[in-house]
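This chain uses plain numbering: 1 for the first residue, then up along the sequence.
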Amino acid sequence: MRPEELLDVLERAGNLKKNTRHCWINADRKESVADHSWRIALMAMLLENEPEFADTDMSRVIRMCLIHDLGEAFTGDIPAFEKSDADEGREEDIYRQWVDSFPEKDRQEWTDLLDEMTALETKEARTYKALDKLEALISHDESDLSTWLPVEYDLQKTYGQENMKFSSYFMELRKLIDDWTDRKIREGTGQTGRGNS
């Protein structure tokens, strides 16, 4: 990729630093799409030495995590509870048109990753998708309870459950997050940390 092409990609991707998600990090700042993508990539890196993922190409998972929401650099973020199939299709179409403008070698790599992520057939793709869902749950638990919409109380307990089932590690992590959610709701606090069980 030539330097000018690299700058074009980085400029477009930089929109993810400005495009916000539904969660609030604190009273005056919403989470950005870039915040979310960075943390799921970090999660993948932290799992690299876990025995359950010994047969998983975590470098590939990290790549998926880093690029998975780049379509939102064009469309902005739409919360999962509002996003329609038409919204998803539009986002993917715009994203793929952008990737089609890349130099051949880069275009092929990104297209292969996007196809694998969409199919969700490999352990790498299923891992990225589970991390994507888990990070959203963590972010909501970190958000002040006063920022939650009524729909989120139930959604927090059901969101992404199917994406965890292939992994005992993710099921255990999900249980910890669910316990955190229950405690947060029960106490009715705006606490941002897990606190003590």
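- Residues M171 and M43 fall within the same hydrophobic cluster, defined by Ile, Leu, Val, Met, Phe, Trp and Tyr side chains chained together at heavy-atom separations under 4.5 Å.
- Summarising the geometry, atom OG belonging to S168 is positioned 11.5 Å from atom CG belonging to L173; distances are rounded to the nearest 0.5 Å.
- Hydrophobic cluster membership differs between L120 and L113, with clusters built from Ile, Leu, Val, Met, Phe, Trp and Tyr side chains linked at under 4.5 angstrom.
- Closest non-hydrogen pair, V61 versus A44, comes out as CG1-CB, 3.8 Å.
- Remark: side-chain polar atoms of D8 are not paired, donor with acceptor, to backbone N or O of E5 under 3.5 angstrom.
- Applying the salt bridge (charged side-chain N to carboxylate O under 4.0 Å, His left out) test to residues at least two apart or on different chains, the pairs with a partner in residues 46-61 are D55-K123, R60-E116.
- With N15 contributing its side chain and A73 its backbone, the two residues share a donor-acceptor pair below 3.5 Å.
- Counting non-hydrogen atoms of other residues, nucleotides and ligands closer than 6.0 Å to NZ of K83 gives a total above 12.
- In this structure, W38 shares a hydrophobic cluster with L42, L46, the cluster being traced through Ile, Leu, Val, Met, Phe, Trp and Tyr side chains under 4.5 angstrom apart.
- For the atom pair CD1 of I138 and CD1 of I40, the computed distance is 11.0 Å after rounding to the nearest 0.5 Å.
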R186/D179 under salt bridge (Lys or Arg N to Asp or Glu O under 4.0 Å): CA gap, chis, key distance, verdict: CA-CA 10 Å; R186 185 175 60 249; D179 290 346; over 6 Å; no

Only pairs under 3.5 Å count here: list side-chain donor-acceptor contacts from residues 129-137, not counting sequence neighbours, and write none if there are none.
{"residue": "D132", "atom": "OD1", "partner": "H36", "partner atom": "NE2", "Å": "2.6"}
{"residue": "D132", "atom": "OD1", "partner": "H68", "partner atom": "NE2", "Å": "3.2"}
{"residue": "K133", "atom": "NZ", "partner": "Y159", "partner atom": "OH", "Å": "3.4"}
{"residue": "E135", "atom": "OE1", "partner": "H36", "partner atom": "ND1", "Å": "2.5"}
{"residue": "E135", "atom": "OE1", "partner": "S139", "partner atom": "OG", "Å": "3.4"}
{"residue": "E135", "atom": "OE2", "partner": "R39", "partner atom": "NE", "Å": "2.8"}
{"residue": "E135", "atom": "OE2", "partner": "R39", "partner atom": "NH2", "Å": "2.9"}
{"residue": "E135", "atom": "OE2", "partner": "S139", "partner atom": "OG", "Å": "2.8"}

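- T147 places a side-chain N or O within donor-acceptor distance of the main-chain N or O of D144, the cut-off being under 3.5 Å.
- Side-chain N or O atoms of S167 include one that pairs as donor or acceptor with a backbone N or O of Y169 at under 3.5 Å.
- The ring pair (Phe, Tyr, Trp, His ring centres under 6.0 Å) test applied to W110 returns F102, not counting sequence neighbours.
- Scored by the side chain to side chain donor-acceptor pair (under 3.5 Å) test, T118 finds no partners at all (sequence neighbours excluded).
- Looking at D77 and E91, their side chains never come closer than 4.5 Å, going by heavy atoms from C-beta outward.
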Hey, mind stepping through E109 and R63 against side chain to side chain contact (heavy atoms under 4.5 Å, CB included) and telling me if it holds? CA-CA 10 Å; E109 178 185 9; R63 289 174 167 319; 3.2 Å; yes

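- Of the inter-residue distances, the one linking D69 atom CG with S37 atom OG reads 5.0 Å to the nearest 0.5 angstrom.
- The CG atom of L7 sits 10.5 Å away from the CE atom of M1 when rounded to the nearest 0.5 Å.
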Working for side chain to side chain contact (heavy atoms under 4.5 Å, CB included), residues I94 and R90: CA-CA 6 Å; I94 293 170; R90 179 175 171 269; 4.0 Å; yes

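- Within the structure, the salt bridge (charged side-chain N to carboxylate O under 4.0 Å, His left out) test picks out the following pairs touching residues 149-167 (sequence neighbours left out): K157-D182, E162-K165.
- Follow the hydrophobic side-chain contacts under 4.5 Å out from M117 and you reach F166 in the same cluster.
- Looking at every heavy atom in both residues, L114 comes nearest to Y95 through CD2-CE2, 3.4 Å.
- Side-chain contact annotation: D35 with S32, donor-acceptor N/O pair under 3.5 Å present.
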Quick one: do L16 and E72 satisfy side chain to side chain contact (heavy atoms under 4.5 Å, CB included)? Show the steps, please. CA-CA 7 Å; L16 297 188; E72 294 179 10; 4.2 Å; yes

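- Contact detail for R174 and Q156: the closest heavy-atom pair is NH2-O, 3.5 Å.
- Here T75 contributes atom OG1 and N19 contributes atom CG; the two are 7.5 Å apart, rounded to the nearest 0.5 Å.
- A donor-acceptor contact shorter than 3.5 Å links the side chain of R107 to the backbone of D100.
- In terms of heavy-atom proximity, M64 sits nearest to A125 at SD-CA, 3.8 Å.
- Under a cut-off of 6.0 angstrom, the local environment of CE in M45 is sparse, with at most 12 non-hydrogen atoms contributed by other residues, nucleotides or ligands.
- Of the N and O atoms on the side chains of D93 and Q97, not one donor lies less than 3.5 Å from an acceptor on the other residue.
- Applying the 6.0 Å contact sphere to CD of E4 captures more than 12 heavy atoms from other residues, nucleotides or ligands.
- Judged by distance alone, the side chain of R126 and the main-chain N or O of E121 form a donor-acceptor pair under 3.5 Å.
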Walk me through it: do T20 and V33 pass the test side chain to side chain contact (heavy atoms under 4.5 Å, CB included)? CA-CA 6 Å; T20 58; V33 179; over 6 Å; no

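- In this structure, a donor-acceptor pair under 3.5 Å is present between the side chains of D141 and T181.
- Between F53 and F170, the ring-plane angle classifies as tilted under the 30° and 60° cut-offs.
- Atom CG of L70 is separated from atom CZ of R12 by 10.5 Å, given to the nearest 0.5 angstrom.
- In this structure, L145 and Y153 have side chains that are in contact, with non-hydrogen atoms separated by less than 4.5 Å.
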